[in-house]
Structure formats: structure tokens, C-alpha cells
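The sequence lines fix the lettering, A, B, ..., with proteins before strands; numbering per chain opens at 1.
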Number of protein chains: 2
Amino acid sequence: MNEAMFDFCTTMTDEEDQRARDLIERAAAKWPLRILHVLSEANGPLRFSRLLERVEGISQKVLTQTLRTLEKDGLVIRTLYPQVPPRVEYELTSLGHDLLLQVVTLWRFIVERLPDFDADKAKRAS
Amino acid sequence: MNEAMFDFCTTMTDEEDQRARDLIERAAAKWPLRILHVLSEANGPLRFSRLLERVEGISQKVLTQTLRTLEKDGLVIRTLYPQVPPRVEYELTSLGHDLLLQVVTLWRFIVERLPDFDADKAKRAS
DNA sequence: CAGAATCCTACCCGATACTG
DNA sequence: CAGTATCGGGTAGGATTCTG
């Protein structure tokens, strides 16, 4: 069962493993999930300044940085409208949406078992 | 559908949300998943030095630190056998095992769609 | 408006001793 | 064996200022 569970691990190359690992690490960092969530709630494109408002606590610099990374990873699309003043919109890709769905599943699992995520309780239960 | 997807978000308190977020961030950091995976493969308790060998590249200090965090989060159990020289064993809790199962699901999703995780391809597909 | 550039700080992590 | 203690480099992220 443990073997079956990790079967797919043996069928992937080291490079695939490393890329997946990197993606998870980047996506689970401080801000990316919040940004994806806000974009998902918006249910459509959002301007940079809207994101800056709605992702509470993020700085302009880090928002820019993180959006660039999300774009490189194929999770959001950046659209520049060449106007003065400039207008830039960000929206989820379908991949970004699907990934968020997966993460929400994990999220729900954690929230449901939140009482267990405590050392003493876990010790007693095992 | 987007609403249904995030229904549970509205039913949880801010504190629950924050705790879940923190747990994901900690678990998805550089080393924790590797450690959990190694413990899962071992299919039983492992001594500190075995972990140090099998979690390739980790330093002794960071392994200790990370194990402490995993223990606090209820994902591993630390058992000290008061001998000389001391012997300490770590093993997955059932919660740790379950969490790893969830993460592996996510992992598989990412590996399967790895070709999509690329900005240009995603842009063309959308 | 949407950023780029700069400065600064805190923290993570690795390497290296040392200890019960 | 399984740590703790200490030092140092690298980096993520915040605050601020400037610009097309």
C-alpha cells in the first residue's frame, strides 16, 4: 500500500521530481496562494492595484516579484494594455485554477483535522 | 462552482485559516516533505543518524530543527531511549501519513501536468 | 498606474566546533 | 549518538523613492 502510494515516484525522472518539488515550494511560499485565491474570487482579470489592495499586507515589490514567478510557472497571465497611464491585468490560467482546486482539497483536509495538528494530541492518539 | 469550491473557506474562522496556511507553508518548506517521505518509505521508526544519511544533503542542525517542528505540528513522533550512547527514533504519526497521502495526490497532479507548467505553453492554451 | 531601483533588516541555512 | 552553540553568507521581504 505504501508501495502503491509512491509507485508514480519511481516512474518519474529525477528532473521531473525536482521540478515538481520546486513548484510546490514556490507555490506554498508566503504569498502565492493568497494571490491565486484572490484572483479566483475575482472570477476574472484584476488590475495590479486591485491585487495590491486585496492581498492584504503585501508590498508592491513582492507582489510584482511573485506575479512574475506565477507567470513563469504558467499559473497566471499578464496582459499589458499599452496606454497612458498603463493598465495591466492579471488572471488565472486554467492550470492555475486547477492547481488551486487541488490545494483547496489539501486545505480542507488540514482544516478538518486541525485539532489533530498538535503534538500532544497526536501522541496520545497513536 | 467557484463559490461551492470555497464554501468551506467562509465557514472557518480567521484563526483556523491562518493555522492551516502556516502549516502548509511549514510543510512545503525545503526539507519537511523529504523527511516525511523517507519516514514513510522506512515503514517504521528511524534513528536520527539514519535520517541524516537518507535525507540527502541536509545538515545535522537543520534536520534537528525540522524534526522539532514536525513534532510540534503532530506529524512525527520522537522517542528517546535513555541509554548511553543515546538512541532516538522518529516515526510518522497517522496524521503525518495522511497528510503525506494528500500531498502525494497534489504531487501526482503536478507531475502529470508538468508540460503545462510553462508560461508560453499556458498562454497558447488559454 | 505599474513598476524599477535602492537600502535595510531578519531569518534561513550551512559549516564548524563542542558536549552528555 | 544525538544533539547544542556559535559564526557567517545568502536571501526573502519591507519601506521608501523615483520613473515612463
Side-chain angles (χ1 to χ4, degrees), chain A residues 18 21-39 42 44-73 75-92 119 123, chain B residues 18 21-36 38-39 42 44-73 75-92 119:
Chain A
Q18 192 55 50
R21 194 179 305 276
D22 291 347
L23 280 164
I24 287 188
E25 206 176 319
R26 281 200 299 275
K30 192 173 181 184
W31 298 108
L33 289 183
R34 296 199 90 99
I35 295 176
L36 295 180
H37 188 190
V38 165
L39 283 174
L46 274 187
R47 302 188 60 158
F48 183 84
S49 37
R50 297 305 134 248
L51 276 171
L52 197 53
E53 289 164 7
R54 299 189 193 182
V55 181
E56 210 164 340
I58 199 171
S59 70
Q60 173 266 321
K61 184 183 112 181
V62 173
L63 178 56
T64 302
Q65 267 179 193
T66 309
L67 284 169
R68 294 279 185 273
T69 303
L70 291 174
E71 195 192 358
K72 279 192 188 111
D73 284 343
L75 299 176
V76 305
I77 293 184
R78 177 181 185 272
T79 309
L80 165 68
Y81 298 90
Q83 313 170 345
V84 180
R87 179 168 136 232
V88 178
E89 289 186 347
Y90 294 89
E91 63 180 322
L92 278 186
K123 199 170 272 182
Chain B
Q18 191 56 50
R21 195 179 305 278
D22 291 346
L23 280 163
I24 287 188
E25 205 177 320
R26 282 200 296 276
K30 192 172 181 183
W31 297 108
L33 290 182
R34 295 198 89 99
I35 295 176
L36 294 180
V38 165
L39 282 174
L46 274 187
R47 302 188 61 158
F48 183 83
S49 37
R50 297 303 134 252
L51 275 171
L52 196 53
E53 291 165 5
R54 298 189 194 183
V55 181
E56 210 164 339
I58 199 170
S59 71
Q60 177 269 327
K61 183 183 114 183
V62 173
L63 178 57
T64 302
Q65 268 179 195
T66 309
L67 284 169
R68 294 281 186 271
T69 303
L70 291 174
E71 194 192 0
K72 280 191 187 112
D73 285 343
L75 299 176
V76 305
I77 292 185
R78 176 181 186 273
T79 309
L80 165 68
Y81 299 91
Q83 312 170 346
V84 180
R87 179 169 137 230
V88 179
E89 289 186 345
Y90 295 89
E91 63 180 320
L92 277 185

B:E89 meets the salt bridge (charged side-chain N to carboxylate O under 4.0 Å, His left out) criterion, sequence neighbours left out, with B:R87
Residues in residues 80-91 of chain B with a heavy atom under 4.0 Å of DNA chain C, by number, are B:P86
OG1 of A:T66 to NZ of A:K61, rounded to nearest 0.5 Å, is 10.5 Å
Between A:V38 and A:L51, is the side chain to side chain contact (heavy atoms under 4.5 Å, CB included) condition met? List the steps.
CA-CA 8 Å; A:V38 165; A:L51 276 171; 3.9 Å; yes
Expected list for residues 22-29 of chain B near DNA chain C, using heavy atoms below 4.0 Å, is none
In short, the helix from C:dC1-D:dG20 to C:dG20-D:dC1 is bent end to end, axes from five pairs each side, to 10°, by 40°
Atom CD of A:Q65 and atom P of C:dG3 are separated, to the nearest Å, by 13 Å
Note: chain A reaches DNA chain D at heavy-atom distances under 4.0 Å over the stretch, first to last nt, 5' to 3', of D:dG13 to D:dG20
Across all chains, not counting sequence neighbours, the salt bridge (charged side-chain N to carboxylate O under 4.0 Å, His left out) partners of B:R47 are none
Here the gap from A:I35 atom CD1 to A:L33 atom CG, rounded to the nearest 0.5 Å, amounts to 9.5 Å
Task: Residues, nucleotides or ligands: over 12 heavy atoms within 6.0 Å of A:Q83 CD - done: yes
Per the under-4.0 Å heavy-atom filter, residues of residues 44-53 of chain B near DNA chain D come out as B:R47, B:F48, B:S49
Self-check item: Verdict with reasoning, B:L36 to B:V76, per side chain to side chain contact (heavy atoms under 4.5 Å, CB included)
Solution: CA-CA 8 Å; B:L36 294 180; B:V76 305; 4.0 Å; yes
Next on the checklist: Can you see whether B:T69 engages B:Q65 through a side-chain donor-acceptor pair at a distance of less than 3.5 angstrom?
Outcome noted: no
One should read off an interatomic distance between A:R34 CZ and B:R21 CZ, to the nearest 0.5 angstrom, of 3.5 Å
Taking distance alone, no hydrogens or angles, what donor-acceptor pairs closer than 3.5 Å link side-chain atoms of residues 23-31 of chain A to residues at least two apart or in another chain?
| from | atom 1 | to | atom 2 | distance (Å) |
| --- | --- | --- | --- | --- |
| A:R26 | NE | A:D73 | OD2 | 2.9 |
| A:R26 | NH2 | A:D73 | OD1 | 2.8 |
| A:R26 | NH2 | A:D73 | OD2 | 3.4 |

Sorted by chain and residue number, the salt bridge (charged side-chain N to carboxylate O under 4.0 Å, His left out) partners of B:R68 (sequence neighbours excluded) come out as none
One should read off an interatomic distance between B:L70 CG and B:L63 CG, to the nearest 0.5 angstrom, of 9.5 Å
One should read off an interatomic distance between B:Q60 CD and B:L52 CG, to the nearest 0.5 angstrom, of 7.0 Å
Sorted by chain and number, sequence neighbours left out, side-chain hydrogen bond (donor to acceptor under 3.5 Å, both in side chains) with A:Q18 holds for A:D22
For B:R54, the salt bridge (charged side-chain N to carboxylate O under 4.0 Å, His left out) test, sequence neighbours excluded, returns none
To the nearest angstrom, the NZ-P distance between B:K30 and C:dC12 comes to 13 Å
The contact string for nucleotides 4-11 of chain C, one letter per nucleotide 5' to 3', using protein heavy atoms under 4.0 Å with B, S and - for base, sugar-phosphate only and none, comes out as B-BB----
**Item:** Derivation and outcome, side chain to side chain contact (heavy atoms under 4.5 Å, CB included), residues A:R78 and A:V88
**Value:** CA-CA 7 Å; A:R78 177 181 185 272; A:V88 178; 3.8 Å; yes
A side-chain contact here means heavy atoms from C-beta on lying under 4.5 Å apart; do A:L67 and A:Y90 qualify?
yes
